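Because the structure is a prediction, the values reported are computed rather than measured. The first residue of the sequence shown is numbered 1, and numbering continues consecutively from there.
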Amino acid sequence: MSISIETAIHTLTRHKNIQNIEVYNQFINWLKGEFDLYLMEELDGLKVYYPNGLFSVILFSKNEKDFSIEIKIMSKTLKTANQMAAKIETIYCHLNKVISINKFKLSRL
């Protein structure tokens, strides 16, 4: 007799358009700062292991006119996956606001 336990893994995948490679690098840097207490891998993009799951951010499209990133969240519970998605989304939105403000300040000089 064999017993196997299979756990359900909830996966959320989102694609975001970015302006250029510098925005991607800055986003990765901000994520590393926010989740600095968790185990990370930086081989192909960024992979962060948190309790009961992980998320990864990779440069999905390197086309000069269409840069995009893929954010993939894998978690044992849907609640945790949604909470992590909300955290990452908040960081992404804040980064975009900072970039917009900086562009506005530079254009006024």
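Residue Tyr49 holds its OH atom at 3.5 Å from CD of Glu41, rounded to the nearest 0.5 Å. If you take CE on Met84 and CG on Asn52, they are separated by 10.0 Å, rounding to the nearest 0.5 Å. Between the CG atom in Leu12 and the NZ atom in Lys72 there is a gap of 11.0 Å [rounded to 0.5 Å]. Note that the OG atom of Ser56 and the CG atom of Leu43 stand 12.0 Å from one another [nearest 0.5 Å]. Between the CG atom of Leu78 and the CD atom of Gln83 there is a distance of 10.0 Å, given to the nearest 0.5 Å. Here the straight-line distance linking atom CD of Glu22 with atom CZ of Phe67 works out to 8.0 Å at 0.5 Å rounding.
Considering only residues two or more places apart in sequence or on other chains, His15 meets the side chain to side chain donor-acceptor pair (under 3.5 Å) condition with Glu70. Residues meeting the salt bridge (Lys or Arg N to Asp or Glu O under 4.0 Å) test with Lys47, sequence neighbours left out: none. Residues that satisfy the side chain to side chain donor-acceptor pair (under 3.5 Å) test with Thr80, not counting sequence neighbours, are Thr77.
Checked options Leu54, Thr11, Ile88, Val57; the residue passing with Ile73 is Ile88 (criterion: side-chain contact (heavy atoms from CB on, under 4.5 Å)). Applying the side-chain contact (heavy atoms from CB on, under 4.5 Å) test between Leu46 and each of Ile58, Ile71, Ile28 identifies Ile28 as the sole match.
Closest of all the heavy-atom pairs between Leu31 and Phe55 is CD1-CE1, 4.3 Å. Taking every heavy atom of both residues into account, His10 and Lys76 meet most closely at CD2-O, 3.3 Å. Residues Phe35 and Val48 approach most closely at CB-CG1, 4.0 Å, considering heavy atoms. The shortest non-hydrogen separation linking Gly45 to Tyr24 is CA-OH, 3.3 Å.
Hydrophobic cluster membership is shared by Leu95 and Leu59, with clusters built from Ile, Leu, Val, Met, Phe, Trp and Tyr side chains linked at under 4.5 angstrom. Under the 4.5 Å side-chain heavy-atom criterion for grouping Ile, Leu, Val, Met, Phe, Trp and Tyr, Tyr38 is not connected to Ile9 through any hydrophobic cluster.
Classification of the His94-Trp30 ring pair by plane angle, with boundaries at 30° and 60°, yields tilted.
The neighbour count for Asp44 CG, taken as heavy atoms of other residues, nucleotides or ligands under 6.0 Å away, does not exceed 12.
A donor-acceptor contact shorter than 3.5 Å is absent between the side chain of Asn96 and the backbone of Ile99.
A heavy-atom distance below 4.5 Å is found between the side chains of Phe27 and Ile69.
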